[in-house]
Chemist: 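Here it is, the structure in full.
Please read all numbers here as calculations on a predicted model, not as lab measurements. Computed from heavy atoms alone, side chains included, the values below leave out hydrogens, waters and symmetry copies. In this chain, residues are counted from 1 in sequence order.
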Amino acid sequence: MFSVRGRGAARLTAATLVSALAVSGAIAFAGPATADDGGATATLGGLKESGKIWIGDEKGKPINGGLFDLSVDGGGSLQAYCIDLLTPTDAGTKYRETDWDKSTLHDNPNAGKIRWILQNSYPEVNDLNMLAGKAGVAALTGDEAATATQAAIWKYSDNVKATPVDPEAKALAEYLVAEAAKAPDQEEPKVSLAAAPASVAGKAGDRLGPVKVSTTAADGAVKVSLPADAPADVKVVDKDGKAVTSASNDTELFLDVPAGTPDGTTKISLQTETEVAIGRVFGSVEGHEQTLILAGSSKSTVNAEVTAAWAKKGAIPAVTVTENCAKGGLDITASNEGDEDWTFEVKGVSFTIAAGESKTVTVPVPEDTAYDFTITGPNGFSKTFEGVLDCKTAPSPEPSTATPSETPATSATPSETPSTGTPSETPSASPSTPAPSTTTEAGTTGTTGGGLAETGSSNATPMIAGIAVALVLAGGGAVFFLRKKKAAGQ
């Protein structure tokens, strides 16, 4: 969770392979999507409240840790802590709401304990006197409470010994770690807004769907709309065929496409305002930045989108893409709602989907790698996806004899950093992690609201690589770009 790291290194563009097969028509979904996730998107601001934390033994120079603030696209604000200690981040980084199984928490047995800490500490518990009493100290400030909470979270997210320098914050951190170890694990919170599946298809004269809405918003609070250029007679309806302009949790939506409607596509847009649940994960949209976990939310604007395509005859594809951390790649689900077979090839393997069938292909993507690809199909169908596969916390660096340096949250210039120490045992079975070193690139450290503290990483320049994967579909193609960014600890 620490200070701004510059993006001065050049990005290599992956080589591309484009299908030479001709396509007809002009059916395309403009603009990229970040996989097929709904929810909140936000921009990282800075450290709102923070303090110094030792990683490992209580000696050497500590690093900074505390509470981040983010501004929600469309309105609203969020507060979050870091759950990826050794990975840097930048002010201005775009983040999106995502599920635990698509993040660094996907294989963490202590994820429920992290949520318990969030629910029972600052800022969710804003009574500092009550927290002080639980910690057995006379008083706590917001900075001390935030520092303690971050240190306790790192115990379970990164398997390190994290000790606040301030004695009051240290006492609260020890209380939180001990109580979380005894408390029942908390379940993953619900998404603020999502629609599944995120892509539907069918023939004119049919109802396309169903699409199930999931949301934490109040009943009827989700606005449902079509773009201005949607065909006049095409409308969103409920299961009874009644036109709808709003939805609730578990609502099923359909797109009614009258017979005779020319082949085409449209998007169903969903939007509402709601508080995002404590414990939701936020991952970087554009590159390998540290993963955050939500600690507080105002009422915020959240969105979801469904693409829809229809045709009179032939294969009619629908495609969704989701990140699969367990398998280390992207699940590409392609269905065919037409009346002809649809054959496509993925990395040399050919798949045929009969009319009415659906298949899922997992395409491997290297960890910490951004993806950017477009899938095209019959009748000019085209859908673009962008994101980054970030499923693991950065690995601990090898112990070094070099003297590290540390960047205070209030400074834009390099200063000293912590020496490595021997961490204590943690609840996880994996080995303890040595303390990170942190570096600052002159002229690139931000000072937003006092500046971010820089996340610990090795002193090596971040690795940037390009890998191209081509997905070739019959009647179209898929161009796949991969970009390695900020491989911390390498």
Chemist: Do the side chains of Ile117 and Tyr81 get nearer than 4.5 Å, heavy atoms only?
Modeler: no
Chemist: Indicate the atoms forming the closest heavy-atom contact of Ala309 with Ile316, along with that distance.
Modeler: O-CG2, 3.9 Å
Chemist: Is there side-chain contact between Leu67 and Thr149, with at least one heavy-atom pair below 4.5 Å?
Modeler: no
Chemist: Any heavy-atom pair between the side chains of Ser121 and Trp116 that's under 4.5 Å?
Modeler: no
Chemist: Could you report the tightest heavy-atom contact between Pro197 and Pro210, atom names first, then the distance?
Modeler: CD-O, 3.5 Å
Chemist: Ignoring hydrogens and angles, state whether a donor on the side chain of Tyr95 or Thr89 is under 3.5 Å from an acceptor on the partner side chain.
Modeler: yes
Chemist: Given side-chain contact (heavy atoms from CB on, under 4.5 Å), test Thr93 with Thr43 step by step and report yes or no.
Modeler: CA-CA 6 Å; Thr93 294; Thr43 302; over 6 Å; no
Chemist: Please tell me if the side chains of Leu294 and Leu292 come closer than 4.5 Å, counting only heavy atoms from C-beta onward.
Modeler: no
Chemist: Could you tell me whether the side chain of Thr272 and the main chain of Ala221 form a donor-acceptor pair under 3.5 Å?
Modeler: yes
Chemist: Judged by atom type as modelled, is there a donor-acceptor pair below 3.5 Å linking the side chain of Asn336 to the main-chain atoms of Ala315?
Modeler: no
Chemist: Which residues pass the salt bridge (Lys or Arg N to Asp or Glu O under 4.0 Å) test with Glu97, sequence neighbours left out?
Modeler: Arg280
Chemist: How far apart are the C-alpha atoms of Lys52 and Ile63, what are their side-chain angles, what is the distance that settles it, and do they pass the side-chain contact (heavy atoms from CB on, under 4.5 Å) test?
Modeler: CA-CA 5 Å; Lys52 296 191 178 299; Ile63 59 177; over 6 Å; no
Chemist: Taking all atoms of both residues into account, what is the closest heavy-atom pair of Gly279 and Leu118, and its distance?
Modeler: CA-CD1, 3.9 Å
Chemist: Any side-chain to backbone donor/acceptor pair from Asp84 onto Ala394? Under 3.5 Å, distance only.
Modeler: yes
Chemist: Salt-bridge test for Glu289 and Arg96: reply yes if a basic N is under 4.0 Å from a carboxylate O, no otherwise.
Modeler: no
Chemist: Which distance, rounded to the nearest 0.5 Å, do you find between the NZ of Lys327 and the NE2 of His106?
Modeler: 13.0 Å
Chemist: Can you name the closest pair of heavy atoms from Leu78 and Ser297 and give their distance?
Modeler: CD2-OG, 3.5 Å
Chemist: Can you see whether Thr307 engages Ser199 through a side-chain donor-acceptor pair at a distance of less than 3.5 angstrom?
Modeler: yes
Chemist: Looking only at side-chain N and O atoms, does Thr362 offer a donor or acceptor that is under 3.5 Å from a partner on Asp331?
Modeler: yes
Chemist: Please tell me if the side chains of Tyr156 and Arg115 come closer than 4.5 Å, counting only heavy atoms from C-beta onward.
Modeler: no
Chemist: Under the 3.5 angstrom rule, does the side chain of Thr147 hit a backbone N or O of Asp143 as a donor-acceptor pair?
Modeler: yes
Chemist: Using only atom types and a distance under 3.5 Å, with no angle test, would you say the side chain of Gln290 pairs donor to acceptor with the backbone of Thr87?
Modeler: yes
Chemist: Whether the side chain of Glu367 engages the backbone of Lys392 through a donor-acceptor N/O pair (distance < 3.5 Å, no angle test) should be reported.
Modeler: yes
Chemist: Using the rule given for side-chain contact (heavy atoms from CB on, under 4.5 Å), can you reason through Leu226 versus Val236, listing the C-alpha separation, both sets of side-chain angles and the distance that settles it, and then say yes or no?
Modeler: CA-CA 8 Å; Leu226 296 174; Val236 182; 3.8 Å; yes
Chemist: Between Gly65 and Ile53, which heavy-atom pair has the shortest distance, and what is it?
Modeler: CA-CD1, 3.9 Å
Chemist: Can you find a heavy atom in the side chain of Tyr371 that is under 4.5 Å from one in the side chain of Val388?
Modeler: no
Chemist: Could you walk me through whether Thr274 and Thr216 pass side chain to side chain donor-acceptor pair (under 3.5 Å), step by step?
Modeler: CA-CA 7 Å; Thr274 187; Thr216 56; 3.3 Å; yes
Chemist: Please round to the nearest 0.5 Å and tell me the distance separating atom CG of Leu47 and atom CD of Gln150.
Modeler: 8.5 Å
Chemist: Among Asp101, Thr104, Thr291, which residue satisfies the side chain to side chain contact (heavy atoms under 4.5 Å, CB included) criterion with Val281?
Modeler: Thr291
Chemist: Return the CG to CZ distance between Leu44 and Phe282, rounded to the nearest 0.5 Å.
Modeler: 11.5 Å
Chemist: Could you please spell out the steps behind the side-chain contact (heavy atoms from CB on, under 4.5 Å) verdict for Val72 and Thr41?
Modeler: CA-CA 6 Å; Val72 178; Thr41 56; 5.9 Å; no
Chemist: Looking at every heavy atom in both Ala195 and Val211, which two are closest together, and how far apart are they?
Modeler: CB-CG1, 3.7 Å
Chemist: If you round to the nearest 0.5 Å, how far is CG of Leu70 from OG of Ser300?
Modeler: 10.0 Å
Chemist: Got a second to check how far Asn324's CG is from Ile332's CD1, nearest 0.5 Å?
Modeler: 11.5 Å
Chemist: Are Lys212 and Thr251 side-chain neighbours, meaning at least one heavy-atom pair lies under 4.5 Å?
Modeler: no
Chemist: By the salt bridge (charged side-chain N to carboxylate O under 4.0 Å, His left out) test, which pairs, at least two apart or in different chains, include something from residues 66-83?
Modeler: Asp73-Lys94
Chemist: Step through the shown structure and confirm whether more than 12 heavy atoms of other residues, nucleotides or ligands are within 6.0 Å of CD on Glu357.
Modeler: yes
Chemist: How would you list all residue pairs meeting salt bridge (charged side-chain N to carboxylate O under 4.0 Å, His left out) that involve residues 269-279, not counting sequence neighbours?
Modeler: none
Chemist: If you measure only the distance, is there a donor-acceptor pair under 3.5 Å linking the side chains of Thr98 and Ser103?
Modeler: no
Chemist: Nearest 0.5 Å please: distance from the CG atom of Leu270 over to the OG1 atom of Thr215.
Modeler: 9.0 Å
Chemist: Could you tell me if Thr333 and Thr360 have a donor-acceptor pair between their side chains, going purely by distance under 3.5 Å?
Modeler: yes
Chemist: Just wondering, do Thr266 and Pro227 contact through their side chains at under 4.5 Å, heavy atoms?
Modeler: yes
Chemist: Test salt bridge (charged side-chain N to carboxylate O under 4.0 Å, His left out) on Lys267 and Glu305; report intermediate values, then the result.
Modeler: CA-CA 7 Å; Lys267 294 181 179 180; Glu305 187 174 80; 3.7 Å; yes
